[in-house]
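Here is the structure we will look at.
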Amino acid sequence: MLKAAIIGSAWRTPLGSSVGKVVDRLLAGERAAAVNARFDASAYICQLAAAMPQSVAPSRNARFLRRMGLHAVAVAAEALAGAGIKGSDRVGLFFGYGGLRAHWDDLMPAFERQEVGGANAWNCGLDLLHPFWMLQHLSNNAHAIAAQELGARGEGATYGGANAGAQALGAAIRALAAGAVDVALVVGYDSLIEPETLVELAARGACVAGAASPATPYDINAAGFVPGEAAAALVLQRPGEGECIACVQAQDAADGEKGEALAGTLARLVRAVAQPGDVVDGAGLARPEYDAQERLAAAQVTGDDAALCCIMSAMGQIGAASSVVQTIALAELLRRRMLPPIAGLQRAAGGPLRPLMQAEATTARSAIGLCAGAPGLAGIIRVELA
């Protein structure tokens, strides 16, 4: 299976922005779940969130991008600079984001005073919309601005959906293998903590209810995940063309389900990518039946005794950013020869794989990361030390 070498990375996560310090917090078993810091969510079913603490740096592009898009451009620039790469016709950009969501904080003021029949619509609120509102919501807007800012004019694309990070990684790896680009910059960003997203998650029973600290994924009392957000970037090149942190493989799948992808879809990805002895970073949906099926699917390839960790237990579900964040975190953890506990795990459910209750040393050189989301989307990455 095709792979690419990792030569740079950057992120913004609910646990911080420094790769080293965030991994320290993962190993300490910290959780970012707290009362939603973005807005007053006391009237919502899901009142907890794993919000990013970072504010957006001042930018001339603030007219054209919303908060998460600005973070995406920032991590793209940071990752490329950290890798010592300058933009050119041979640097390609591959973006993955959660999908087109028209935010309520824009639309509610614009429509709450509208008249029946739509008469006088402009003066009744549409004039409140930002002049660049449509531009801010273009699916490839962050990609276009990053390309302009960084001078990255090579082949690339923008992908949408809960597994868009895996899609973008897979496309970047194929482009490198085909010689279409010499360097690929992959960015994944998403937020599941805004009002319109929380309503949808609650409607299908995916997120945890209330404001009390919830049971974690793979716990016998798990009852839904904590929504989170993140932006992350990877710089990739062809293996063997210089020093690298690790190598990564990626694949995505869809099965047409209205909710999260079936466990059988994850099983198909595991069979295609995983190897015996791989560490498993689980999708962490925190639904006992689904968690059990996921563990069984992974163990059929990795072996029943493979270690099970879950980055999403610490950061919350981060949608399209999942595969990129997992790649960065697993590469650093394997390099340190340490694995993190499942944050907050109290009573691990029975089944195959070994859910980690505390950080442990490892001799493993490879790990897989799974992600799943609606509608029927799944992704997998495999990281192996160089």
Side-chain angles (χ1 to χ4, degrees), residues 4-34 50-57 68 71-85 165 169 183 185-190 228-237 242-248 279-282 284 307 309-316 318 321-344 356 358-369 371 381-386:
I6 303 167
I7 60 172
S9 64
W11 61 12
R12 304 285 184 272
T13 79
L15 293 176
S17 300
S18 161
V19 172
K21 291 180 180 179
V22 169
V23 170
D24 287 343
R25 297 182 71 179
L26 290 175
L27 289 168
E30 295 186 34
R31 298 182 78 181
M52 291 164 44
Q54 304 89 348
S55 59
V56 177
M68 292 305 296
H71 280 304
V73 173
V75 295
E78 186 177 321
L80 205 63
I85 301 295
L169 275 167
V183 174
L185 175 60
V186 182
V187 180
Y189 67 103
D190 204 355
E229 58 182 2
L234 284 162
V235 184
L236 308 177
Q237 67 181 17
E243 293 186 4
C244 68
I245 300 166
C247 289
V248 61
V279 171
V280 179
D281 187 68
C309 52
C310 183
I311 292 165
M312 307 310 168
S313 68
M315 296 188 186
I318 51 177
S322 298
S323 292
V324 183
V325 166
Q326 287 174 310
T327 300
I328 296 171
L330 291 174
E332 176 64 12
L333 288 162
L334 291 172
R335 188 189 67 80
R336 294 191 189 190
R337 300 188 180 279
M338 292 293 296
L339 298 177
I342 298 173
L356 298 186
Q358 59 186 15
E360 72 173 37
T362 182
T363 58
R365 296 185 58 81
S366 59
I368 60 169
C371 67
I381 56 95
R382 183 174 187 268
V383 177
E384 184 173 11
L385 291 178

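Quick note: residue numbers are just sequence positions, from 1.
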Closest non-hydrogen atom pair, A307 against E360: CB-OE2, 4.4 Å
Test V383 against L334 for side chain to side chain contact (heavy atoms under 4.5 Å, CB included), laying out the working first. CA-CA 9 Å; V383 177; L334 291 172; 4.2 Å; yes
Short question: side chain of Q237, backbone of A5 - any donor-acceptor pair under 3.5 Å? no
Starting from the C-alpha separation in whole Å, work towards a yes-or-no answer on side chain to side chain contact (heavy atoms under 4.5 Å, CB included) for L15 and M315. CA-CA 7 Å; L15 293 176; M315 296 188 186; 4.2 Å; yes
Just verifying a value: how many Å separate C371 SG and I318 CD1, rounded to the nearest 0.5 Å? 9.0 Å
Which atom of A343 lies closest to which atom of G29, heavy atoms considered: CB-O, 3.6 Å
Atom OG in S323, atom CD1 in I328: separation rounded to 0.5 Å? 11.0 Å
Please tell me if the side chains of L333 and P340 come closer than 4.5 Å, counting only heavy atoms from C-beta onward. yes
Has the side chain of D281 got a donor or acceptor atom that lies under 3.5 Å from a matching backbone atom of I311? yes
Hey, mind stepping through L169 and I381 against side chain to side chain contact (heavy atoms under 4.5 Å, CB included) and telling me if it holds? CA-CA 9 Å; L169 275 167; I381 56 95; 3.7 Å; yes
Between E78 and R12, does at least one N-O distance fall below 4.0 Å, as a salt bridge requires? yes
Can you list the steps and then say if V280 with C309 is a side chain to side chain contact (heavy atoms under 4.5 Å, CB included)? CA-CA 6 Å; V280 179; C309 52; over 6 Å; no
Any idea which heavy atoms bring G8 and I245 closest together, and the distance? N-CD1, 4.2 Å
Is any side-chain heavy atom of M338 closer than 4.5 Å to a side-chain heavy atom of T362? no
Does any non-hydrogen side-chain atom of V183 lie less than 4.5 Å from one of L236? no
To the closest 0.5 Å, what do you measure between CG (L185) and OG (S9)? 11.0 Å
All heavy atoms of D24 vs all of R336, minimum pair found to be OD1-NH1, 2.5 Å
What pair of heavy atoms forms the shortest contact from A331 to I6, and how long is it? CB-CD1, 4.5 Å
Using 0.5 Å steps for rounding, measure from the CD1 atom of I342 to the CE atom of M312. 12.5 Å
On a heavy-atom basis, the closest approach of P341 and L27 is CD-O, 3.6 Å
Evaluate the side-chain proximity of V186 to V324: yes if any heavy-atom separation is below 4.5 Å, no if none is. yes
Flag, side chain of R365 to backbone of E384, donor-acceptor distance under 3.5 Å: no
